[in-house]
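Quick notes on the structure that follows.
Here is how names work: the chains are called A, B, and so on, in the same order as the sequence lines, proteins then strands, and each is numbered from 1. Predicted model only: the values in this text are computed from it and were never measured.
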Amino acid sequence: MSTATKELTKQEALFEYLVRLADDRLILGHRLSEWCGHGPILEEDIALANIALDYIGHAANLYEYAVEIEGEGRHRDDLVYFRNDPEYKNLKLVELPKGDFGYTIARQFLFSSYSYYLYQLLSNVEDEQFCGMVEKHFKEVKYHLRHSREWVLRLGDGTEESHERIQDAFDDIWTYVGELFHQDDIDEVLQNEGLAADTVSFKSDWKDLVSDTLNEATLDVPDWDQFMVEGSRQGLHTEHLGHLLAEMQHLRRSYPDADWE
Amino acid sequence: MSEKNDTDSNDTQWPLWEVFTQPRDGKPHEHAGSLHAPDAEKALENARDVYARRKEAVNIWVVPSDQIVASKGEDAGPFFDPADDKPYRHPQFYSVPRVSKRRS
Amino acid sequence: MKTFQERIDDGETIEPKDDMPDRYRQQLIRMMSQHAHSEVVGMLPEGNWITRAPSLRRKMILLSKVQDEAGHGLYLYSATETLGASRQELIDQLLEGKAKYSSIFNYPTLTWADVAVIGWLVDGAAIINQTMLARSSYGPYSRAMVRICKEESFHKKQGYEMVATMADGTPEQQDMIQDAVNRWWWPTLMMFGPHDEDSPNSAELIKWGVKSKTNDELRQSFVDRHVAEAHEVGLEIPDPDMEYNEETGHWEFGEIDWDEFWNVVKGNGPMNKERMKARSEAHENGKWVREAAEEYARKQKLSKEKAS
């Protein structure tokens, strides 16, 4: 846990940073995996499962590197299955229930466009292992952006119903995007070492991409200056995360001594 | 693609497309299978997810199925038999001196 | 000109545009669409455990396996479409209850061990059936099967690996896996269908080279292989009549409960209603999405035409 009073070591900060990135991807992958078998058409069922797999795979790599950095012999699954809600540091944006397909796509677009810029910077961090991992993930992140952006266009400029649904989704989700650019002492320590991305540096590019896409999709861009929620990186979540974790962790915790690999 | 003039609640599974994948650089595209997609961009994306998710392709073509013109089974005789008596069309017809692989 | 039957007997492959008896076409549509529906409905029992998988590795394996099943459904629907039936029609038939799918998927997955056992037994049974169908006389069906078999081999392997891990695990894991075997063994044997004498379609499908083995032959090869695999990891098969016949080299097994079989086929299995409800809901909830994409494509085409 990060505390403002204690001086953070580079190692502690990197561990925390990797876990934040991993948590975002694991939880979003979980939400997307809920579509498996329930998608709007077979082809899209496959596409969503693919993206879910990418995210969970990215999370697995990031957790693995995190426990390596930590150096206490923990397994990546210890982080996944044996941390409680406040110890999870994912953005609230990714833990919200999957909603309808419009909601899922709106979130996918906001998150993958953000990840696109983030990964662009992360692929230059001064840590070979981290860099190599990011480069591999980046290829998939680019595709996630393409997939979700194309859907935003289709739903926005499709039928009246689809237009309304995806507009509602963006309006609903908007309050959760402010946090994407929130930075704290963890980011500061690492940025000084060239180990983290300064998210503020791409904020206006990201806003342009989002605005242009929504405009092209004949959608209204919600108010950028509206109230934005905060606190995710300090472990403050919505009520949804608790239920998600209860489901995800119950089997593993019911038999803590069992090996399932 | 299906001709559909009415845009009301006429639900479909989207038009059918044929997918051709190129397994490796320099190899020809091969028919991989079919899928449904509303348009070319989504057909390409779906083809990537359906027919190249195990890295089976470096390049993909998609073609609306109704744009494929195929010879019929009954054409098999007149279409393909002529090759039978034109052995000179096949490389095996020629015997050529073996050239050593080593370059001087 | 050869007759259709002569082409079959000579081992020729029948392609979509070839002449074929109407009954051949109809039987294939029935069989292939059933097969496609089974893949798609089959995503549900295992999909039930994706969010609860006990390790990240198992989660990724399971998700990619269930995703593969969607792909297999897609290949099979496409192959069926070459016979002139549209996917829309086929899905409507399923949702209206006019088409069948494999009854095995009407059983519930109650514990994580069920996921392991489905991979081992259910996919094991599917592979035996599909390996035969990869040599089917109808080109698109056999090609879809070749592709599916390639992907399916990892499904069974991951299942058996998990079965072995649990059978070698804690006492709770061992109980869990044996309980799952007890519940899935008999329904899996039923997957091969009625006895040959009660299977009216079987002889015809063999005559047409769609199938090359009878239900009972396939079932026997399943039993022989899986009894050995069960013993290898110390699991018991829940059949007191199971006995090895030294002369034939086969495992002889007890009689299947055919009342249960027909009851589940008729819709009275433990999960029939839930499975159909899940499929219907996905279809209904996806309707506005499918419509939107099609409407967008229409608008784009129109504006392109105007521009040129």
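Proximity to chain A (any heavy atom under 4.5 Å) is shown, for C:L74, by both the backbone and the side chain. Heavy atoms closer than 4.5 Å to chain A are found in the side chain of C:M166, but not in its backbone. Proximity to chain A involves both the backbone and the side chain of C:Q67, based on heavy atoms less than 4.5 angstrom apart. Proximity to chain C involves both the backbone and the side chain of A:D157, based on heavy atoms less than 4.5 angstrom apart. Residue A:R253: no heavy atom, backbone or side chain, is found under 4.5 Å from chain C. Using a 4.5 Å cut-off between heavy atoms, C:E281 does not touch chain A at all. If you measure heavy-atom distances from C:R57 to chain A, the contacts under 4.5 Å come from both the backbone and the side chain. At a 4.5 Å heavy-atom cutoff, the contact between A:H250 and chain C is made by side-chain atoms alone. Contact annotation for C:S55: both backbone and side-chain heavy atoms come within less than 4.5 Å of a heavy atom of chain A.
Checked by atom type, the side-chain pair A:H38/A:D45 shows no donor-acceptor distance below 3.5 Å. Between the side chains of A:D257 and C:T170, no donor-acceptor pair is found at a separation under 3.5 Å. In this structure, a donor-acceptor pair under 3.5 Å is absent between the side chains of A:Q108 and A:H144.
Put simply, of A:L26, A:N50, A:I166, A:L48, the one with the most heavy-atom pairs under 4.5 Å next to chain C is A:N50. Comparing C:A53, C:G73, C:G169 by heavy-atom pairs within less than 4.5 Å of chain A, the highest count is held by C:A53. Note on A:F101, A:W151, A:Y81: by heavy-atom pairs under 4.5 Å with chain C, the leading option is A:Y81. For the set C:K299, C:E161, C:E69, the count of heavy-atom pairs under 4.5 angstrom toward chain A peaks at C:K299. Contact count against chain A (heavy-atom pairs under 4.5 Å) is highest for C:A292 among C:A292, C:A297, C:A282, C:S64. In terms of heavy-atom pairs under 4.5 angstrom with chain A, the leader among C:Q173, C:E172, C:R87, C:R52 is C:Q173. Here A:D259 is the residue among A:D100, A:D259, A:V80 with the most heavy-atom pairs under 4.5 Å with chain C. Counting heavy-atom pairs under 4.5 Å between each of C:D68, C:V66, C:T111, C:T165 and chain A puts C:T165 at the top. Ranked by non-hydrogen atom pairs under 4.5 Å with chain A, the options C:G286, C:G47, C:A278, C:A116 are led by C:G286.
Pairing each heavy atom of C:G267 with each of C:N272, the nearest pair is CA-ND2, 3.0 Å. Scanning all heavy atoms of the two residues, the minimum distance from C:V233 to C:A167 falls at O-CB, 3.5 Å.
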- [ ] Applying side-chain contact (heavy atoms from CB on, under 4.5 Å), run through A:Q129 and A:Y65 and close with a yes or a no.
- [x] CA-CA 8 Å; A:Q129 201 173 337; A:Y65 191 38; 3.3 Å; yes

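With a 6.0 Å cutoff to the six-membered ring centre and a 45° limit on the axis angle, C:R275 does not count as a cation-pi contact of C:F105.
Within 6.0 Å of CD in A:E68 there are more than 12 heavy atoms belonging to other residues, nucleotides or ligands. Atom CD of A:E261 has more than 12 heavy atoms from other residues, nucleotides or ligands within 6.0 Å. Heavy atoms from other residues, nucleotides or ligands lying under 6.0 Å from NZ of C:K150 number 12 at most.
In this structure, the separation between CG on A:L118 and CZ on A:F111 is 8.0 Å, given to the nearest 0.5 Å.
When side chains are defined from C-beta on, C:R290 counts as touching C:H283, because their heavy atoms get closer than 4.5 Å. Within the 4.5 Å cutoff, the side chain of A:L155 has heavy atoms near those of the C:W288 side chain. Contact of the A:K136 side chain with the A:H58 side chain is not registered, since no non-hydrogen atoms from C-beta on lie closer than 4.5 Å. With a 4.5 Å cut-off on side-chain heavy atoms, C:N106 and C:Y101 count as touching.
Within residues 31-44 of chain C, the residues having any heavy atom closer than 4.5 Å to a heavy atom of chain A are C:V40, C:M43, C:L44, listed by residue number.
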